[in-house]
2 protein chains.
Amino acid sequence: MALNAENESNYQASKYRTPDGAPADIVIFTITSEGKDSTKKSLPHRELQVLLIQRKQWPFEGQWALPGGFSSENETIQESARRELTEETGVSDVHLAYFNVYSTPKRDPRGWIISHAFFALVHERFLEKRQAADDAADVRLFPVEEALAMDLAFDHEIIVRDALAQIQTKMLTTTIAKEFLSEEFTISELYQVIQTVVPTFNERNFIRKITSTQSRKGIIEEVLDHNGQGKMSNRYSQRAAQLYRFTDYVPQLSIYS
Amino acid sequence: MALNAENESNYQASKYRTPDGAPADIVIFTITSEGKDSTKKSLPHRELQVLLIQRKQWPFEGQWALPGGFSSENETIQESARRELTEETGVSDVHLAYFNVYSTPKRDPRGWIISHAFFALVHERFLEKRQAADDAADVRLFPVEEALAMDLAFDHEIIVRDALAQIQTKMLTTTIAKEFLSEEFTISELYQVIQTVVPTFNERNFIRKITSTQSRKGIIEEVLDHNGQGKMSNRYSQRAAQLYRFTDYVPQLSIYS
DNA sequence: AAAATAGTGTCTATCAGACAGTATCTG
DNA sequence: CAGATACTGTCTGATAGACACTATTTT
């Protein structure tokens, strides 16, 4: 059976051409909000933004790119992504998910470099104190649409586009909306977050469905105060709104049931 | 801005440790069916199976493993997976999807090897001639549960487990069921395929929902004969059953609507 | 007739979707 | 009281889920 057997002593990986690196690149999304009018309480304007760094060295010197870095032999690619994310945002317990690999020949002039793309969802409060790291000339948030029109380094435009499609799908099929919200939030805030990521989302009876529909009402729950009364917020409105939080329940979707 | 600039002439990738290989591994699933009784027409027994190869060389010599192989500098990893799949099954237009990367340090004794995992869904008719032609003991189908209990090479048990979770989710949320069916199929066949992949799936009114529910009825359509009459099949039953085919429509699922 | 698969009829509680109306607070 | 946000009432037709029932063909 083992006519052609090799063993450890005569195995040589180096007889083949090997990759020159396996970096992790991270598409860090956040939703910024700014009040439209200082004199009146009103819902803020929200915008989906992506964090980019300006490259300081060859290749693509001076162009904007995704943060990321080479992984090493002693860590998984997920760990290296988590490390990069912490360096870039200063926060460690943030939603991070792997979504695709990019390996088109000659995508990187430095050689055969296979890039592993992650997306992270970060609340804007975590990005306030960021600063340019060693290998970056500048770090900034850009509205996603603007970033996609910018001639990014490498194939990063495609990566951002793919990441956007991913979070749009996940926004509607999972509870990742919570990553952009505080622990407690109003229905309007949740609705706004969904609409910011998926502009086509439009549910006129949103509050009905999510609070009183049998199959969905486990997703979020009312926050109660110490007296058992509903805890309210008037952050954005004259009339106070009920606060909710996400539960651990995530409904299983199916096209057949 | 570019105080620390490098350029192409002084950039050296080789000053860092680089990976020893970036293979694609493929979890090839099929559903086998065998009639339970030769004297009577009845629905076949279906089982989800995975294709494994027995290794001939170090490392893990003699153990069963996923088919796969190293990718080269001149192709994307998807292309190399497609190439492997064609070599293994003899078919080229088969559903193939990337789902994860495996990079735990020392997962492969040959060195720093980052494996990219794909799953493929193949109709059993494509694996018949391969099985017959190459009846050597080194390529075989195993029932998934059996494969998971087998002490596979490398971290392939984890990969198979992850792949199974993936296709279970996709079976319910996309129309990949069609990859396991012929172009035309009966409702019972579709139901059986879903249940084979997701044993917990149980819908008593399945035929109602998929044929007459407004929001779902676009997924499949009746096959008509040249007279505009419904085309029937009595492959599995005494009473002939209507044949259906998938349309191009895939409903968009959402937990919020 | 029995067996096996393929459907249909019918019922009730719930839900979807639309839109008008009411509630609460601020400037 | 105008404006902004936060809900609630109410209506119609569609759907979910259960289960009994009928239909067609083979042995």
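Numbered from 1 within each chain, the chains take letters A, B, ... in sequence-line order.
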(message) If I take atom OH in residue A/Tyr191 and atom C1' in nucleotide D/dA6, what distance separates them, rounded to the nearest angstrom?
(response) 14 Å

(request) Rounded to the nearest angstrom, tell me the gap between atom CD1 in B/Ile187 and atom P in C/dA4. (result) 22 Å

(message) If the condition is side chain to side chain donor-acceptor pair (under 3.5 Å), which residues does B/Gln195 pass it with, not counting sequence neighbours?
(response) none

(request) Determine which pairs satisfy salt bridge (charged side-chain N to carboxylate O under 4.0 Å, His left out) with at least one residue from residues 163-181 of chain A, sequence neighbours left out, and list them in order. (result) none

(message) The criterion is side chain to side chain contact (heavy atoms under 4.5 Å, CB included); which residues satisfy it with B/Gln229, sequence neighbours excluded?
(response) B/Asp225, B/Asn227

(message) Run the side chain to side chain donor-acceptor pair (under 3.5 Å) test against B/Asp155 and tell me which residues pass, sequence neighbours left out.
(response) B/Arg107

(message) Determine whether a donor-acceptor pair (N or O, by modelled atom type, separation under 3.5 Å) exists between the side chain of B/Gln168 and the backbone of B/Pro199.
(response) no

(message) Please report the distance, rounded to the nearest Å, between OH in A/Tyr236 and P in D/dC7.
(response) 14 Å

(request) For B/Gln192 and B/Pro44, indicate whether the former's side chain and the latter's backbone hold a donor-acceptor pair under 3.5 Å. (result) yes

(request) Quick one: list whatever passes side chain to side chain donor-acceptor pair (under 3.5 Å) with A/Thr196, sequence neighbours left out. (result) none

Please tabulate the protein-to-nucleotide N/O contacts below 3.5 Å involving nucleotides 15-19 of chain C, giving atom names and distances.
from	atom 1	to	atom 2	distance (Å)
C/dC15	OP1	A/Gln214	N	2.5
C/dA16	OP1	A/Arg216	NH2	2.3
C/dA16	OP2	A/Thr213	OG1	3.1
C/dG17	OP2	A/Lys209	NZ	2.8
C/dG17	N7	A/Asn205	ND2	2.9
C/dA18	N7	A/Asn205	ND2	2.9
C/dC19	OP2	A/Arg204	NH1	3.4
C/dC19	N4	A/Asn205	OD1	3.4

(message) In whole Å, I'd like the distance from the CD1 atom of B/Ile210 to the P atom of C/dG7.
(response) 13 Å

(request) Would you mind reading off the distance between B/Leu43 atom CG and C/dT5 atom C1', rounded to a whole angstrom? (result) 7 Å

(request) Please name all residues satisfying side chain to side chain donor-acceptor pair (under 3.5 Å) with B/Thr174, sequence neighbours left out, ordered by chain then number. (result) none

(request) In whole angstrom, give the distance that lies between atom CZ of B/Arg235 and atom P of C/dA4. (result) 20 Å

Which pairs, protein N/O on one side and nucleotides 22-25 of chain C N/O on the other, fall under 3.5 Å?
from	atom 1	to	atom 2	distance (Å)
C/dA23	N3	A/Arg239	NH1	2.8
C/dC25	O4'	A/Gln238	O	3.4

(request) Would you kindly give the CD1-to-C1' distance between B/Ile207 and D/dA23, to the nearest whole Å? (result) 13 Å

(message) From CD of A/Glu189 over to P of D/dC7, roughly how many Å is that when rounded to an integer?
(response) 12 Å

(message) Applying ring pair (Phe, Tyr, Trp, His ring centres under 6.0 Å) as the test, list every pair that has at least one member in residues 161-197 of chain B; sequence neighbours left out.
(response) B/Phe185-B/Phe246, B/Tyr191-B/Phe201, B/Tyr191-B/Phe206

